[in-house]
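Notes for the one structure printed next.
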2 protein chains.
Amino acid sequence: MAIFTAKQHTMFSKACEYAIRATIYVAMRSLQDQCTNLKALAEEIGSPVAFTAKIMQQLVKHNIVYSVMGPTGGFQIEKRRVHKIKLSMIVNAIDGDAIYQGCGLGLEACNALEPCPVHDKFAKIRDDLKQMLETTSIYELATGLEVGMTYLKR
Amino acid sequence: MAIFTAKQHTMFSKACEYAIRATIYVAMRSLQDQCTNLKALAEEIGSPVAFTAKIMQQLVKHNIVYSVMGPTGGFQIEKRRVHKIKLSMIVNAIDGDAIYQGCGLGLEACNALEPCPVHDKFAKIRDDLKQMLETTSIYELATGLEVGMTYLKR
DNA sequence: TACATATAAGACAAAAAGATCCTAAACTCT
DNA sequence: AGAGTTTAGGATCTTTTTGTCTTATATGTA
């Protein structure tokens, strides 16, 4: 159980982690005018194939990537849209906005007028996170990957 | 399912949210030399009684609060220790340290030398969060509650 | 048109998180 | 000592998250 074993609650859900990794990889390939099929994608980012399929379906529904069926098909992003896709769009599509909008203690009624005890302490962290997610484009992350400055595996 | 319904992945697990709220309340009562029993505690922070019991057991094991059995028993914190208890101790006891130590994309091999694409973007956020959790004492949160500046319910 | 290959979509399964229940152990008070 | 109250701890149940499987649908190519 969560409480008994040393849990590791992460910033994003596993699905969201896969979604970000997948989008970055698809973006890198898109910048090279390449479509990426599911199998190769899952291989490259080290994620379960069938689960990744579900996640990609969501990204397609949220217009973050588009898909092409049939042979030579796969996932791709229009080259000119890559820089318009921000981390916040992916996080929002998969995890919702609670991580950078909600109360740190999960209180419904928490706001600036009736703050929870950690409200002010978290306000800055949350705003910084929001700012970062909303200004970081997949373009910059994909190009770092392309030139071998960053890595997606393991 | 997570992917289908609009999920809300939060900063901390539910258990951790309850743990923080509970510790703040017990601390406030401890500053008034009062012991807090489980039922009253759960009532005050709006959490399920039995689940809260499990969480309190963990906090006792991690020496964050101590417990007294029998009538007039409950949970308490030594007055002189209240200011020594930091948010990080609670988060660590319940959620582990991944939120402010691990890679934003969940990659095992991610570090400054072989960074994931979002590594640098997250470094600052993570460090700020860590700093805040490690420097925020339960004392200051409990006193804000005591004077009615902050609220724990709903 | 037929065939091969790729994604879409739904059902299903396993694991973890969230929550409950019951009995044991500790303690206070009479 | 006995009765009643409170936390400890184990077993159990439910919901959510993570992951798999099977069938349908779309598409490129011979």
Side-chain angles (χ1 to χ4, degrees), chain A residues 1-19 21-22 26 29 34-43 45-76 94-96 98 106, chain B residues 1-19 21-22 26 34-43 45-76 94-96 98-99 106:
Chain A
M1 185 195 183
I3 298 242
F4 282 46
T5 63
K7 241 204 310 194
Q8 284 295 17
H9 185 89
T10 49
M11 186 83 81
F12 304 121
S13 69
K14 216 95 202 56
C16 192
E17 289 178 0
Y18 293 149
R21 288 199 246 163
V26 169
R29 296 261 304 166
Q34 302 275 312
C35 192
T36 307
N37 73 40
L38 177 65
K39 212 179 147 197
L41 172 60
E43 172 74 20
I45 69 172
S47 62
V49 177
F51 192 40
T52 307
K54 293 297 181 192
I55 293 163
M56 293 314 291
Q57 276 180 41
Q58 283 306 109
L59 296 182
V60 169
K61 276 183 187 163
H62 282 81
N63 287 306
I64 291 168
V65 304
Y66 71 85
S67 64
V68 177
M69 282 178 138
T72 77
F75 302 95
Q76 200 161 350
I94 307 295
D95 274 355
Chain B
M1 185 195 183
I3 298 242
F4 282 46
T5 64
K7 242 203 310 196
Q8 284 295 18
H9 184 90
T10 49
M11 186 83 81
F12 304 121
S13 69
K14 216 96 202 52
C16 192
E17 288 177 2
Y18 293 148
R21 288 198 247 165
V26 169
Q34 302 277 311
C35 192
T36 307
N37 73 40
L38 178 65
K39 211 178 148 198
L41 173 59
E43 173 75 20
I45 68 172
S47 61
V49 177
F51 192 41
T52 307
K54 293 296 179 190
I55 293 162
M56 294 314 290
Q57 276 181 41
Q58 284 305 109
L59 296 182
V60 169
K61 276 186 186 162
H62 282 81
N63 288 305
I64 290 167
V65 304
Y66 71 85
S67 65
V68 176
M69 283 179 140
T72 78
F75 302 94
Q76 200 160 351
I94 308 294
D95 274 355
I99 190 91

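Here the structure is a predicted model, which is why all the values come from computation and not from measurement.
- In this structure, the side chains of A:Phe75 and A:Val60 come closer than 4.5 Å at one or more pairs of heavy atoms.
- For B:Lys7, a side-chain nitrogen or oxygen approaches OP1 or OP2 of D:dT18 to under 4.0 Å.
- B:Tyr66 comes within 4.0 angstrom of nothing in the nucleic acid, heavy atoms only.
- D:dT18 atom P lies 15 Å from atom CD of A:Gln8, rounded to whole Å.
- Using a 4.5 Å heavy-atom threshold, the side chains of A:Gln58 and A:Ile94 count as touching.
- Donor-acceptor pairing under 3.5 Å, judged by distance alone, is absent between the side chain of B:Lys61 and the base of D:dG9.
- By the side chain to side chain donor-acceptor pair (under 3.5 Å) test, A:Thr52 pairs with A:Ser47, sequence neighbours left out.
- Inter-residue side-chain proximity for A:Asp95 and B:Gln8 is flagged as unmet; no heavy-atom pair is nearer than 4.5 Å.
- Between the CD atom of B:Glu17 and the P atom of C:dA17 there is a distance of 15 Å, rounded to whole Å.
- The CD1-C1' distance, from B:Ile55 to C:dT20, rounds to 13 Å in whole Å.
- Using a 4.5 Å heavy-atom threshold, the side chains of B:Leu41 and B:Met56 count as touching.
- With rounding to whole Å, A:Phe51 atom CZ is found 19 Å from C:dC12 atom P.
- Distance, A:Asp95 CG to D:dT18 C1': 13 Å, rounded to whole Å.
- Among the nucleotides C:dT20, C:dA11, D:dG19, the one closest to any side-chain atom of B:Ala50 is C:dT20.
- In this structure, the CD1 atom of B:Ile45 is 11 Å from the P atom of C:dA19, given to the nearest Å.
- Using the six-membered ring where Trp is involved, B:His9 and A:His9 have ring planes that are parallel, under 30° apart on the 30 and 60° scheme.
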Short N/O separations, protein against nucleotides 3-8 of chain D, under 3.5 angstrom:
from	atom 1	to	atom 2	distance (Å)
D:dT6	O4'	B:Gly70	O	3.1
D:dT6	O2	B:Gly70	N	3.3
D:dT7	OP1	B:Leu38	N	2.7
D:dT7	O3'	B:Ser67	OG	3.3
D:dA8	OP1	B:Ser67	OG	2.6

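- Regarding A:Phe12, its CZ atom lies at a distance of 16 Å from the P atom of D:dT17, rounded to whole Å.
- We find the CD-OG1 distance between A:Glu17 and A:Thr10 to be 5.0 Å, quoted to the nearest 0.5 Å.
- A sub-4.0 Å separation between OP1 or OP2 of C:dG18 and a side-chain N or O of B:Tyr18 is absent.
- Taking atom CD of residue B:Gln58 and atom P of nucleotide C:dG18, one finds them 13 Å apart after rounding to whole Å.
- Nearest to the side chain of A:Lys54, among D:dT20, C:dA19, D:dG10, sits D:dT20.
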